[in-house]
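Following: one structure in structure tokens, then a few remarks.
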Amino acid sequence: MVEPRLSRGLRDLLPDAMLARQRMIDTIRGVYELYGFSPLETPAVEYLDVLSGSAGAEAQGQIFEATNPEGEQLGLRFDLTVPLSRVVSQYQDLIFPFRRYQVSPVWRADKPEPGRYRQFTQFDLDSVGAESEVADTEIIAAMCDTLDALDVGPYLVRFSSRKILNLLLEYAEIPQSGGPAVFRILDKLDKIGLGKVKLELTSGYTDESGAPISGLGLSAGQVEKIERFLKIKADSRSEVLELLRALFGGVDNAQQEIDVVERISSHLDALGYESNRVVVDLGIARGLAYYTGPVFEAVLLDAQQFGSVFAGGRYDNLVRRFTGRSIPATGASIGVDRLLAALVELDRVEQRKTSSQVLVSAMDPALMGEYLQITYELRRAGIRTEMHVGKPKRLGKQLQRADRLEIPYVVIMGSDEAQRGVVTVKEMLVGRRKAVEVRSHDEWKAGRFGQQEIARKDLAKTLRLLLDG
RNA sequence: GCUGGCGUAGCUCAGUCGGUUAGAGCGCCUGAUUGUGGAUCAGGAGGUCGGAGGUUCGAAUCCCCCCGCCAGUACCA
């Protein structure tokens with residue numbers, strides 16, 4: 001015997017999880033198609049060198065490796081952006097800008113943690129070949145429209161630009177090569193607070209568990225400049241940008257880079273995406289390794305512990321390793337599993353165990369054909385219907401199934417109903433509500449809760465009304 | 001990766017000075033009720049005590065190694 005089991009970090013998505021998830025994916029797809037993006041699918045497995053070159057040394061350990069029968073080294077994709085850059089490099093006769101969406105699982109050999117799995121699904125939206133910040137604007141607007149369509153409650157999209165962070169390095173007189181280390185610390189601002197960020201930028205400290213955190217060794221003057229940058233806050237995007245212009249007054253090229261962000265902001269203003277949901281937040285850093293321009297991320301304000309559920313940015317250099325030249329690209333990615341987990345936590349998704357709306361029960365073997373007729377009549381009327389497919393046995397078992405699967409209606413027809421040309425429709429919820437007050441089983445059985453008899457010919461019409469009502 | 005805690009039935013757990021046949025609650029199955037899902041009652045199934053090795057007349061219990069899970073911490077293109 002083999003023990004049925006999954007390797008760590010992997011999980012099954014049972015029907016109740018899948019129903020909510022598929023509804024979510026359908027909603028997102030609807031918004032992306034409204035924007036005129038087109039679908040793309042790529043294989044889960046790629047050549048290892050196609051995957052690994054872009055990611056830097058630390059990514060290597062996170063790739064699940066595989067081989068094919070020819071003995072070639074392959075790996076499972078760890079994001080959808082690298083396969084996209086392969087595709088746009090490989091099919092140069094695509095019509096650019098290539099605007100695509102893709103929803104697919106990706107694999108990372110990380111240590112699994114709550115809400116974090118080794119296989120998870122991303123839903124990406126990207127424009128490849130568009131240099132203009134209009135493309136970035138569209139991505140941010142699509143993020144808002146998607147979150148609205150998903151009815152996630154209050155959220156905030158924050159954006160900034162990787163180039164502004166590079167200007168910060170210049171302003172604080174930190175060599176560009178020190179950028180990643182500095183940004184990684186700034187990225188923790190929300191989590192650990194300004195005090196610890198400053199310590200980590202300078203001398204380091206020892207945390208509560210006694211673990212030493214080493215510092216970067218920046219000078220007090222440098223840290224003060226960084227702090228001044230981080231403290232830029234204002235009610236509107238344009239005020240933030242004005243303060244930034246003032247702070248970076250003496251930095252070369254600063255005004256042009258700020259102009260880019262300003263143009264995105266004013267496009268968003270013109271479209272009605274205002275500072276109540278899209279803000280310029282200079283503290284956001286994002287993944288950093290391949291972003292070259294604007295970066296964005298969205299958080300749900302009532303579920304901030306889930307972090308950013310939707311994030312992205314501009315990455316103009318990613319295809320260079322395939323083609324030798326840069327193609328501008330910008331996009332964003334939804335962590336489908338993380339966002340769904342947040343919505344479940346917020347009780348903002350309907351959780352069902354089946355899509356069935358009606359169960360047609362079967363009691364009398366002689367009426368099997370009739371049960372099938374009823375079932376298909378309902379299906380052809382667009383009502384999601386299942387029929388009792390086992391032996392026609394105890395009605396109680398069949399009602400129990402409807403109860404457990406939360407199927408709202410059961411159609412009951414025995415020989416007496418059949419003779420009279422009627423069927424019984426039972427609304428399960430009524431009995432479920434009554435159950436708390438009913439004491440004796442006889443009373444429960446005799447109650448026939450939520451049942452009504454209707455003419456056989458009116459069945460589909462009646463159920464349609466009940467379901468729509 | 002590091003530190004600590006924990007692994008006993010589908011789930012939550014009890015059971016260690018080593019001692020007969022490893023228990024409970026919930027859940028599941030069957031019946032009371034072959035036309036009524038809740039409740040109740042009766043009966044039943046379900047265990048390599050995480051795995052391998054060791055000590056012992058005897059190990060769920062003690063020792064060693066490994067694996068897994070949980071919490072914190074680090075990392076996360």
Side-chain angles (χ1 to χ4, degrees), chain A residues 1 3-9 51-63 77-82 85 106 108-114 116 118 120 180-181 183-185 187-188 191-192 200 206-214 285-291 307-308 311 313 315 317-318 321 333 335 359 361-365 367 388 391-418 423-451:
Chain A
M1 287 215 300
E3 187 190 347
R5 66 202 198 281
L6 284 173
S7 143
R8 65 186 314 211
L51 292 176
S52 57
S54 67
E58 74 261 62
Q60 298 283 352
Q62 294 189 49
I63 297 177
R77 62 174 171 230
F78 53 85
D79 72 6
L80 302 179
T81 309
V82 168
S85 17
V106 301
R108 296 184 191 178
D110 282 331
K111 174 181 155 188
E113 286 181 8
R116 183 162 144 174
R118 284 181 167 178
F120 56 99
F183 301 153
R184 195 178 61 239
I185 295 169
D187 211 29
K188 294 199 257 187
K191 197 173 162 191
I192 64 178
E200 201 162 336
T206 302
D207 74 5
E208 298 82 6
S209 70
I213 307 289
S214 62
R286 293 311 313 155
L288 296 160
Y290 56 58
Y291 290 122
S308 67
Y315 50 99
N317 295 329
L318 201 53
R321 47 189 283 267
S333 176
L359 171 70
S361 65
M363 290 186 301
D364 185 344
L367 292 173
H388 177 73
K391 285 184 198 152
K393 55 173 190 178
R394 304 187 51 185
L395 181 61
K397 291 283 155 213
Q398 300 180 46
L399 290 171
Q400 192 178 59
R401 174 182 174 84
D403 190 42
R404 289 182 182 175
L405 289 175
E406 293 172 24
I407 300 173
Y409 293 97
V410 175
V411 172
I412 299 168
M413 187 178 70
S415 48
D416 55 324
E417 278 115 334
V423 292
T424 297
V425 171
K426 181 177 180 77
E427 182 178 1
M428 296 299 288
L429 194 56
V430 176
R432 186 176 273 229
R433 292 208 181 106
K434 280 278 181 194
V436 290
E437 56 194 66
V438 173
R439 283 284 147 257
S440 85
H441 194 65
D442 288 340
E443 183 191 348
W444 171 253
K445 284 203 308 186
R448 299 284 194 269
F449 299 114
Q451 292 185 202

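This structure is a prediction, so every number in the text was calculated from the model and none was measured.
- When each of B:A77, B:G37, B:U36 is scored by its nearest atom to the side-chain atoms of A:R432, the top-ranked nucleotide is B:G37.
- Taking CZ from A:R118 and OG from A:S7, the interatomic distance works out to 6.0 Å, rounded to the nearest 0.5 Å.
- Rounded to the nearest 0.5 Å, atoms CZ (A:F449) and NZ (A:K426) are 8.0 Å apart.
- Residue-level contact check: A:Q451 touches the bases, meaning some heavy atom is under 4.0 Å from a base atom.
- Rounded to a whole Å, the CG atom of A:D110 is 13 Å from the P atom of B:C75.
- Of the P atoms belonging to B:U36 and B:C49, the separation is 44 Å, rounded to the nearest Å.
- A straight line from CG of A:D442 to P of B:A32 spans 14 Å, rounded to a whole angstrom.
- Position along RNA chain B of the nearest nucleotide to A:R108 versus A:M363 favours A:M363 as the more 5'-ward residue.
- The gap from the P atom of B:A22 to that of B:U61 amounts to 14 Å, rounded to the nearest Å.
- For B:U30, the OP1/OP2 oxygens have a side-chain nitrogen or oxygen of A:K397 closer than 4.0 Å.
- No contact: A:S361 has no heavy atom under 4.0 Å from any strand.
- When distances are taken from the side chain of A:R394 to each of B:U36, B:C76, B:G31, the shortest belongs to B:G31.
- B:U12 and B:A59: their P atoms are spaced 29 Å apart (whole Å).
- No side-chain heavy atom of A:R77 sits less than 4.5 Å from a side-chain heavy atom of A:V82.
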Contacts under 3.5 Å, N or O only, protein and nucleotides 66-70 of chain B:
unit_1, atom_1, unit_2, atom_2, d
B:C69, OP2, A:R8, NE, 3.2
B:C69, OP2, A:R8, NH2, 3.0

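- One finds no side-chain N or O of A:R77 lying less than 4.0 angstrom from the OP1 or OP2 phosphate oxygen of B:A77.
- Nearest-nucleotide assignment on RNA chain B puts the 5′-proximal partner with A:A402, out of A:A402 and A:D79.
- In this structure, of B:C76, B:U36, B:C29, it is B:C29 that holds the atom nearest to the side chain of A:R404.
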I'd like a table of atom pairs between the protein and nucleotides 40-43 of chain B - only N or O on both sides, under 3.5 Å - with the distance next to each one.
none

Per-pair distances, 0.1 Å, donor-acceptor, side chain in residues 397-411 of chain A, under 3.5 Å, sequence neighbours excluded:
unit_1, atom_1, unit_2, atom_2, d
A:Q398, OE1, A:A362, N, 2.8
A:Q398, NE2, A:A362, O, 2.7
A:Q398, NE2, A:K393, O, 3.1
A:R401, NE, A:E386, OE2, 2.7
A:R401, NH2, A:E386, OE2, 3.0
A:D403, OD1, A:R432, NH2, 3.1
A:E406, OE2, A:K353, NZ, 3.0

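- Taking CZ of A:R394 as the reference point, atom OG of A:S361 lies at 14.0 Å (rounded to 0.5 Å).
- Between A:I412 and A:Q451, the shortest heavy-atom distance links the atoms CD1-OE1, 4.4 Å.
- Each of B:U33, B:C75, B:U36 was ranked by its minimum atom distance to the side chain of A:H441; first place goes to B:U33.
- Comparing B:A45 with B:C29, their P atoms sit 16 Å apart, to the nearest whole Å.
- Within the 4.0 angstrom heavy-atom criterion, no nucleotide atom of any strand lies near A:E443.
- Checked by distance alone, A:R448 brings a side-chain donor or acceptor within 3.5 Å of a matching partner on the base of B:U36.
- Taking atom P on both nucleotides, B:A74 is separated from B:A60 by 42 Å, rounded to a whole Å.
- Nucleotides B:G5 and B:A9 place their C1' atoms 24 Å apart, quoted to the nearest Å.
- The closest side-chain heavy-atom distance from A:R108 to A:D79 is below 4.5 Å.
- Following rounding to the nearest Å, A:L399 (CG) and B:G37 (C1') show an atom-to-atom distance of 5 Å.
- Qualifying side-chain contact (heavy atoms from CB on, under 4.5 Å) partners for A:A435, counting only residues two or more places apart in sequence or in other chains: A:W444.
- With sequence neighbours left out, A:S333 forms a side-chain contact (heavy atoms from CB on, under 4.5 Å) with A:Q122, A:D124.
- Atom CD of A:E417 is separated from atom P of B:U36 by 12 Å (rounded to the nearest Å).
- The CD1-C1' distance, from A:I185 to B:C76, rounds to 15 Å in whole Å.
- As a whole-Å value, the separation of A:Y291 OH from B:C76 C1' is 13 Å.
- Residue A:W444 has a polar side-chain atom (N or O) positioned under 4.0 Å from OP1 or OP2 of B:G37.
- Counting non-hydrogen atoms under 4.0 angstrom, A:G396 reaches the backbone sugars and phosphates but no base.
- Counting heavy atoms from C-beta outward, A:D110 and A:Q62 have side chains that approach closer than 4.5 Å.
- No donor-acceptor distance shorter than 3.5 angstrom exists from the side chain of A:E437 to the backbone of A:K434, with no hydrogens or angles considered.
- Checked against B:A39, B:C75, B:U36, the side chain of A:K445 finds its nearest nucleotide in B:U36.
- The base of B:U36 does not come close enough to the side chain of A:Q400 for any donor and acceptor atom to sit less than 3.5 Å apart.
- Rounded to whole angstrom, the span from the CD1 atom of A:I412 across to the C1' atom of B:G37 amounts to 10 Å.
- The gap from the P atom of B:G43 to that of B:G58 amounts to 39 Å, rounded to the nearest Å.
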Where each pair must be Watson-Crick or G-U wobble with both distances under 3.5 Å, what dot-bracket representation of RNA chain B is obtained, with crossing pairs in [ ] and other-strand partners as |?
(((((((..((((.....[...)))).(((((.......))))).....((.((..]....)).)))))))))....

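- Using atom C1' as the reference point in both B:C57 and B:G72, the two lie 45 Å apart (nearest Å).
- The distance between atom CD of A:E406 and atom P of B:G37, rounded to the nearest whole Å, is 18 Å.
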